[in-house]
A.B. asks: 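Before I ask anything, let me first share the structure, which is written out below as structure tokens.
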Amino acid sequence: MNKVKVVVAGPRGRMGQEAVKMVEIAEEYELVAVIDHKHDGKMLSDLDGFANFAVPIFSDIAQCFQSTKPDVLIDLTTPETGMYHTTTALTYGVRPVVGTTGFTKENLHELEELCKEKELGCIIAPNFAVGAVLMMKFSQMAAKYFQDVEILELHHDQKLDAPSGTAVKTAEMIAEVRQTKEQGHPQEKETMTGARGANYDGMHIHSVRLPGLIAHQQVMFGSDGQTLTIRHDSFNRASFMSGVKLAVDTVMKLDTFVYGLENIME
């Protein structure tokens, strides 16, 4: 059996560390290199916590692809770096699996067009936790019956984007089935700017950032005499790896662009 050759970008990050472990454990994958803006030319095994991972570190992504010729790039970096990595991967015939959030609609459109041109698969997922994807799907189902909805997302205090990609994706999915409505009293006024959170199609999205949190979201629906709350909690980053593995397995069979893990879950 030919193993899927994988490169991980951002191996020193908390998500990246889990991805490196996942790739190494999976018998059908081969970790061939990592991409890191530091430590170019060293081996990953030279770094603390990676004693058993004897693969090269590259800072230049093009050089990495030329040297190792991988099948898949797993990118868990930042929106700016992730966009550059993803476009470079597609240019070199490498299928990207991207867990970076914060891409703009223009970014996503550009990547979709590049996938069509190269006839390559690419999966970008705001959240790789299978439970979080189900939470989004269930919320979309509920929105057909509850027009009033607010989204509360809670993350660790080192997260760079707000609202989270998962919250934005949830709002987008709900908006597909919900009639636009500006919620709250028509004369509502914020006495402190931002008190009502972000506004997406009349829904409000609230972001909490605190140490001790990992990734959590609840979607609250209300109507006369009742409320419905759908909540998902990730208590560690290993919770995302089953979704990353599903994406890697699936992207090898794709020649199109996919945004959101829900689109590859039956």
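Sequence positions, counted from 1, serve as the residue numbers for this chain.
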A.B. asks: Look only at the side chain of Asn236 and the backbone of Ser239, and say whether a donor-acceptor pair between them is shorter than 3.5 Å.
C.D. replies: yes
A.B. asks: Any chance CD of Glu190 has more than 12 other-residue heavy atoms, nucleotides or ligands included, within less than 6.0 Å?
C.D. replies: yes
A.B. asks: Within the supplied structure, the quantity of interest is the number of heavy atoms (other residues, nucleotides, ligands) at a distance under 6.0 Å from Asn2 CG; does it exceed 12?
C.D. replies: no
A.B. asks: Do Val4 and Tyr29 have side chains that get closer than 4.5 Å, going by heavy atoms?
C.D. replies: yes
A.B. asks: Quick one: does Tyr200's side chain have a donor or acceptor within less than 3.5 Å of a partner on Ala175's backbone?
C.D. replies: no
A.B. asks: Quick one, Leu152 and Val208 - any side-chain contact, counting heavy atoms below 4.5 Å?
C.D. replies: yes
A.B. asks: Looking at His156, I'd like to know if its NE2 atom is crowded, meaning that more than 12 non-hydrogen atoms belonging to other residues, nucleotides or ligands lie closer than 6.0 Å.
C.D. replies: yes
A.B. asks: Determine whether more than 12 heavy atoms belonging to other residues, nucleotides or ligands lie under 6.0 Å from atom CD of Glu188.
C.D. replies: yes
A.B. asks: Thr77 vs Ile35, test: side chain to side chain contact (heavy atoms under 4.5 Å, CB included). Steps then yes/no.
C.D. replies: CA-CA 10 Å; Thr77 57; Ile35 299 169; over 6 Å; no
A.B. asks: Between Leu246 and Met265, does a side chain to side chain contact (heavy atoms under 4.5 Å, CB included) hold up when you go through it step by step?
C.D. replies: CA-CA 9 Å; Leu246 173 64; Met265 288 175 58; 3.9 Å; yes
A.B. asks: Can you sort out the partners of Lys181 under salt bridge (charged side-chain N to carboxylate O under 4.0 Å, His left out), two or more places apart, ordered by chain and number?
C.D. replies: Asp148
A.B. asks: Taking the side chain as every heavy atom from C-beta outward, state whether Phe240 and Glu18 have any pair of such atoms under 4.5 Å apart.
C.D. replies: no
A.B. asks: Which heavy atom in Val8 sits nearest to a heavy atom in Ala19, and how many Å separate them?
C.D. replies: CG1-CB, 4.3 Å
A.B. asks: If we only count heavy atoms from C-beta on, is the Leu111 to Val98 side-chain gap below 4.5 Å?
C.D. replies: no
A.B. asks: Could you check whether any side-chain heavy atom of Lys21 comes within less than 4.5 Å of a side-chain heavy atom of Met241, counting everything from C-beta outward?
C.D. replies: no
A.B. asks: Which pairs count as side-chain hydrogen bond (donor to acceptor under 3.5 Å, both in side chains) when at least one residue sits in residues 161-170, sequence neighbours excluded?
C.D. replies: Thr101-Asp161, Asn127-Thr166, Lys159-Asp161, Lys169-Glu262, Thr170-Gln217
A.B. asks: For the side chain of Gln147 and the backbone of Gln179, is there at least one donor-acceptor N/O pair under 3.5 Å apart?
C.D. replies: yes
A.B. asks: Report the C-alpha separation of Phe221 and Ile230 in whole Å, then their side-chain angles, then the decisive distance to 0.1 Å, and conclude whether the side chain to side chain contact (heavy atoms under 4.5 Å, CB included) test is met.
C.D. replies: CA-CA 9 Å; Phe221 298 89; Ile230 301 171; 4.0 Å; yes
A.B. asks: So do Val219 and Met136 actually touch side chain to side chain, heavy atoms under 4.5 Å?
C.D. replies: no
A.B. asks: With sequence neighbours excluded, tell me which residues meet salt bridge (charged side-chain N to carboxylate O under 4.0 Å, His left out) with Asp201.
C.D. replies: Arg178
A.B. asks: Relative to each other, are the rings of Phe53 and Phe50 parallel, tilted or perpendicular (30° and 60° limits)?
C.D. replies: perpendicular
A.B. asks: Rounded to the nearest 0.5 Å, how far does CG of Leu73 lie from SG of Cys64?
C.D. replies: 8.0 Å
A.B. asks: Taking the side chain from Arg95 and the backbone from Leu254, do they hold a donor-acceptor pair closer than 3.5 Å?
C.D. replies: yes
A.B. asks: Any side-chain hydrogen bond (donor to acceptor under 3.5 Å, both in side chains) pairs touching residues 32-53, not counting sequence neighbours?
C.D. replies: Arg12-Asp36
A.B. asks: May I ask you to decide if Phe257's main-chain N or O and Glu112's side chain share a donor-acceptor pair within less than 3.5 Å?
C.D. replies: no
A.B. asks: Any idea which heavy atoms bring Ala89 and Phe65 closest together, and the distance?
C.D. replies: CA-CE1, 3.4 Å
A.B. asks: What is the minimum heavy-atom distance between Glu153 and Ser207, and which atoms define it?
C.D. replies: OE2-OG, 2.6 Å
A.B. asks: Side chains of Asn199 and His204, heavy atoms from C-beta outward: is any pair under 4.5 Å?
C.D. replies: yes
A.B. asks: Name all residues meeting the salt bridge (charged side-chain N to carboxylate O under 4.0 Å, His left out) criterion together with Glu113; count only those two or more places apart in sequence or in a different chain, and write none if there are none.
C.D. replies: Lys116
A.B. asks: Is there side-chain contact between Ile174 and Ser139, with heavy atoms separated by less than 4.5 Å?
C.D. replies: yes
A.B. asks: Which distance, rounded to the nearest 0.5 Å, do you find between the CE of Met83 and the OG1 of Thr87?
C.D. replies: 5.5 Å
A.B. asks: I'd like to know whether CE of Met252 has more than 12 heavy-atom contacts from other residues, nucleotides or ligands below 6.0 angstrom.
C.D. replies: yes
A.B. asks: For the pair Lys144 and Glu176, find out whether any cationic side-chain nitrogen is under 4.0 Å from an anionic carboxylate oxygen.
C.D. replies: no
A.B. asks: Should we count CZ of Arg209 as having more than 12 external heavy atoms under 6.0 Å?
C.D. replies: yes
A.B. asks: Is there any side-chain hydrogen bond (donor to acceptor under 3.5 Å, both in side chains) pair reaching into residues 63-73, and which pairs are they, with sequence neighbours excluded?
C.D. replies: Gln66-Tyr92
A.B. asks: Around atom CE of Met173, are there more than 12 heavy atoms of other residues, nucleotides or ligands at under 6.0 Å?
C.D. replies: yes
A.B. asks: One pair to check against side chain to side chain contact (heavy atoms under 4.5 Å, CB included): Val32 and Val7. What are the steps and the verdict?
C.D. replies: CA-CA 6 Å; Val32 294; Val7 166; 3.7 Å; yes
